[in-house]
Amino acid sequence: ISDDLLSEVVSALEDGQKLVDLRPVYVAPEHQIETQKANEESKMKQRNADVFQEASKILAQKHGVEIFDKLEGIDFSALMPHPVAKTETAGRKKREYTFTTPASTQGCITDDGNCQSAKNRNYRSIIGVCNNVENVFLGAANTPVQRVLSKPNYADGLDSIRKAVSGADLPSARQVSNVINGKSPEVFDQNVNHFHMQVGQFMAHDFIFMPSSSGPNGETLDCSTCPTTSNNCAPIPVPADDKYFTPTTAANKKCMRMTRALNAQAGFGARQQLDQNTHFLDLSPVYGSSGCEASSVRSFQGGRLTVLPTLGVEGTTPVTWNLPPTDASDTNCQSKNPFFCFKAGDFRNSLSPGLIPMHVLFIEEHNRIADKLKQARPSASDEELYQAARRILIAMYQNAIYKEYLPKLLGQTLMQEYNLISPTTGNTVYQKTTNPSVSAEFAAAAFRFGHSQARTDFIRASPLNATTKAPVYLGSNIFYTDALYEADTPKQMLSGMLYHTSMSVDTSFSFPIRNQLFETRGSPASGVDLISVNINRGRDVGLHPYVAYRQFAKLPAVNSWDDLVPQMGADRVNILKGVYQDVKDVDLYVGLLMEKPMPGALIGPTGGRIMADQFSKSKFGDRFFYEHAEPNTRSLSKAELDEIRKTSFKGIICRFYGASRVLINQKIFDAFGSFEQCATQPDININQFVQIWP
Ligand code: HEM
Ligand SMILES: [Ca+2]
């Protein structure tokens with residue numbers, strides 16, 4: 001670029017920094033739950049991004065947004081007027097990397113920074129670097145999301161929220177949520193159990209942790225006042241006739257709090273969001289996405305992960321069960337000592353009551369594998385046992401997702417169309433040119449379909465489906481863990497989820513999901529509506545309206561409301577007409593859930609394709625995916641892969657219960673169907689994994 005433009009860039013950055021310093025501060029006066037709490041690395045990225053954002057506005061005002069085409073791809077971070085800049089790869093060889101480490105990393109696991117080291121060829125790194133050796137940060141923690149449609153949709157091309165076609169504001173996300181929500185009673189899907197919901201949430205936490213913006217010194221923002229002047233708040237107006245978030249009158253305008261997703265743009269142009277977790281399906285909710293998370297869940301003995309053995313009484317029988325280790329400093333935890341929330345690879349582990357059983361399920365399977373490895377190889381070190389068990393468990397998990405979870409969600413047509421069906425023999429082929437990163441459309445809209453599956457309650461049952469104790473009500477147990485400390489609750493809750501249906505995937509949601517997210521017990525309306533948050537989140541991250549994705553979904557273009565009828569039916573289109581002025585205003589999340597499911601699937605063609613596309617990228621763009629055999633990489637041997645292929649969620653669950661469970665659902669996500677004997681569920685032959693070491 002010319003010297004003139006360069007000096008303009010420098011002064012725009014300087015002025016940008018001044019504007020950032022002048023921004024009104026919306027720091028929360030009192031403690032607030034922050035599900036999507038940013039870590040130190042994300043916060044550092046926001047510091048640069050805020051300046052780039054202000055500087056972009058200065059340049060755009062003078063030259064129009066076209067100027068950004070000229071500046072694209074150039075690294076300006078060294079010109080930042082404040083010192084934390086420096087990009088990860090600047091001045092480094094391609095296959096080496098360094099990453100900014102927070103100050104408090106004492107005792108945390110570190111990496112050797114070399115993608116060709118034996119360790120990085122043998123195992124996935126914890127933070128996900130070196131998966132793609134030519135583009136070492138692709139898919140790593142704290143890197144940007146990608147987009148199904150190449151550019152985000154912002155009213156000013158930079159960061160302001162999309163407007164309606166008419167130029168007016170879009171209808172309030174709570175208004176939309178109120179109008180689309182089906183009438184009670186809840187409708188259940190007789191073909192799908194609640195475990196399908198729970199696995200989905202766990203996977204969501206593996207794919208992505210999109211952090212929220214924070215204040216100038218990393219504080220929690222208070223985004224409940226409206227209208228707002230903050231670039232990082234997007235409060236949701238509550239309609240005057242709202243049934244739950246009352247009282248509200250036009251004069252006494254009330255807003256539901258919502259903080260915008262943290263801006264991590266690393267150059268000029270539009271706002272850009274990031275994923276704080278590894279983008280890969282690599283069990284990061286168990287093992288962590290940072291060195292500190294990883295070390296905090298390990299026992300450092302025999303390759304094991306830490307558990308909290310717990311004692312209780314069921315009826316008159318003493319019982320013991322495991323919980324994850326506690327985290328007394330979890331700032332989101334609403335239950336108090338001794339009912340601490342837990343420490344796991346993902347900070348959101350105590351968000352909903354059903355999540356902890358998932359964490360315990362995988363922690364215990366990891367420990368069983370580590371113990372078997374140790375028995376077969378008594379001289380192996382803790383590190384060797386941990387890494388080997390981790391590799392085996394991730395392989396089992398990927399196998400279960402692609403063979404059991406995904407066909408139920410997508411149906412055969414899309415499984416075939418996106419080449420997602422696992423071969424019974426031989427290998428699949430890694431594609432180094434495939435970007436495995438999570439897409440904004442997947443994270444902020446399509447994969448949130450699962451919020452529609454979440455029922456009001458978590459039933460606790462014995463392995464024979466006898467009810468044991470009262471169901472755990474979702475609305476009063478978000479970030480509360482006391483129920484998990486009641487005898488054998490993780491196993492009883494998992495049993496309940498296996499035997500009981502989930503809600504059907506549509507625009508009907510359970511009461512807690514629509515009204516009680518983060519609610520504090522005894523304080524009605526202290527929470528938010530997750531569905532409004534989903535809709536507003538889509539606008540926040542610059543998703544295009546639903547109609548823009550029709551071509552990607554191989555559907556005819558939409559010019560009038562009638563064009564939606566073939567996919568949605570006239571009744572649903574009428575509901576949409578009641579809240580949106582124009583068919584081109586409809587939010588992506590809403591459009592996806594309004595589509596009728598494809599045959600044999602839980603979701604319609606557009607949501608299905610956004611998800612199938614993601615699962616394809618997550619498979620073919622993951623060098624360590626369990627079915628690939630890649631040179632210079634410790635892929636699974638044929639014998640190892642044959643062992644993994646025999647496993648399933650069924651076996652993992654049976655082993656979790658031990659002798660107390662005899663039968664298991666033949667199809668693990670069917671609520672009603674045949675059963676199989678637990679005794680016949682294949683486990684891996686550990687000797688096949690010990691022969692080829694590491
Ligand atoms: C009890 C059930 C659940 C609760 C209470 C819950 C709650 C939440 C909350 C509070 C957020 C953050 C929203 C935001 O600020 O934008 C979120 C995000 C999300 N949820 Fe759920 N969820 C549940 C189940 C599920 C299920 C079953 C799925 C998928 C099948 C899912 C997929 C997602 C995804 C993809 C995100 C975005 C995560 C990110 O970008 O970091 N959730 N959920
Ligand atoms: Ca991950």
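Remember, it's 1-based here, ligands and their atoms both numbered in the order they're listed. It should be emphasised that the depicted structure is a prediction, and the values quoted were computed from it without experimental measurement. Counting from 1, the numbers follow the sequence of the chain as shown.
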Exercise for the section: Fit a plane to each ring of F362 and Y397, take the angle between them on a 0 to 90° scale, and name the class: parallel (under 30°), tilted (30 to 60°) or perpendicular (over 60°). Expected result: perpendicular

Completion exercise
If we number the atoms of ligand 1 from 1 as shown, the ones under 4.0 Å from a heavy atom of V533 are 13 (C), 14 (C), 15 (O), 16 (O)

Practice task
Can you pull out the closest protein heavy atom to atom 15 (O) of ligand 1? Residue, atom name and distance to 0.1 Å, please.
Solution key: R537 NH2, 2.8 Å

Problem - Lys NZ or Arg CZ of R390 over Y287 ring: under 6.0 Å, within 45° - result: yes

Practice task
For a ring pair (Phe, Tyr, Trp, His ring centres under 6.0 Å) with F442, tell me which candidate from F447, Y589, Y549 qualifies.
Solution key: F447

Distance-only check: which donor-acceptor pairs under 3.5 Å involve side-chain atoms of residues 472-479, not counting sequence neighbours?
from : atom 1 : to   : atom 2 : distance (Å)
Y473 : OH     : Q516 : OE1    : 2.7
N477 : OD1    : R521 : NH2    : 3.0
N477 : ND2    : Y473 : O      : 2.8

Exercise for the section: Not counting sequence neighbours, which residues clear side chain to side chain contact (heavy atoms under 4.5 Å, CB included) with S295? List them please. Expected result: C108, I109, F300

Handout entry: Distance below 3.0 Å from the Ca ion (ligand 2): protein N/O/S atoms
Key = D206 O, D206 OD1, T278 O, T278 OG1, F280 O, D282 OD1, S284 OG

Exercise for the section: Identify the protein heavy atom lying closest to atom 29 (C) of ligand 1, giving its residue, its atom name and the separation to 0.1 Å. Expected result: F447 O, 3.0 Å

Exercise for the section: Would you mind reporting whether T331 and F347 have side-chain heavy atoms less than 4.5 Å apart? Expected result: yes

Practice task
List every atom of ligand 1 that sits less than 4.0 Å from any heavy atom of F209, numbering the atoms from 1 in the order shown and giving each element.
Solution key: 41 (O)

Practice task
Examine the side chains of R174 and N536 and answer whether a donor and an acceptor come within less than 3.5 Å of each other.
Solution key: no

Handout entry: Residue pair D529 / S177, side-chain donor-acceptor N/O under 3.5 Å
Key = yes

Practice task
Give me the protein N, O or S atoms that fall under 2.8 Å of atom 21 (Fe) of ligand 1, sorted by chain and residue number.
Solution key: H451 NE2

Practice task
Identify, by atom number and element, the atoms of ligand 1 in contact range of F518, meaning under 4.0 Å from any of its heavy atoms.
Solution key: 10 (C)

Handout entry: Element-labelled atoms of ligand 1 that are located less than 4.0 Å from some non-hydrogen atom of S352
Key = 1 (C)

Handout entry: Audit row: N131, D622, side chain to side chain donor-acceptor pair (under 3.5 Å) steps and yes/no
Key = CA-CA 7 Å; N131 190 296; D622 176 2; 3.0 Å; yes

Exercise for the section: Taking only heavy atoms of L517 into account, list the atoms of ligand 1 that are under 4.0 Å away from them. Expected result: 5 (C), 10 (C)

Handout entry: Pairing of D670 and K408 as salt bridge, 4.0 angstrom limit
Key = yes

Handout entry: Over-ring placement of K254 relative to F245, 6.0 Å and 45° cut-offs
Key = no

Practice task
May I ask you to say whether E627 pairs ionically with K619, meaning some side-chain N is under 4.0 Å from a carboxylate O?
Solution key: yes

Completion exercise
of all protein heavy atoms, closest to atom 40 (O) of ligand 1 is M210 CB, 3.4 Å

Handout entry: Atom indices of ligand 1 within 4.0 angstrom of F449 heavy atoms, with elements
Key = 30 (C)

Practice task
Taking the side chain as every heavy atom from C-beta outward, state whether Y485 and S335 have any atom pair closer than 4.5 Å.
Solution key: no

Practice task
Could you say whether the N/O atoms of R348 and ligand 1 ever approach to under 3.5 Å?
Solution key: yes

Problem - Heavy-atom side-chain proximity of C223 to N232 below 4.5 angstrom - result: no

Handout entry: Proximal ligand 1 atoms for M197, defined as those under 4.0 Å from one of its heavy atoms
Key = 27 (C)

Problem - Polar atom proximity, Q36 to ligand 1 (N or O, under 3.5 Å) - result: yes

Handout entry: Of E441, H544, Q273, the residue whose pairing with R147 passes side chain to side chain donor-acceptor pair (under 3.5 Å)
Key = Q273

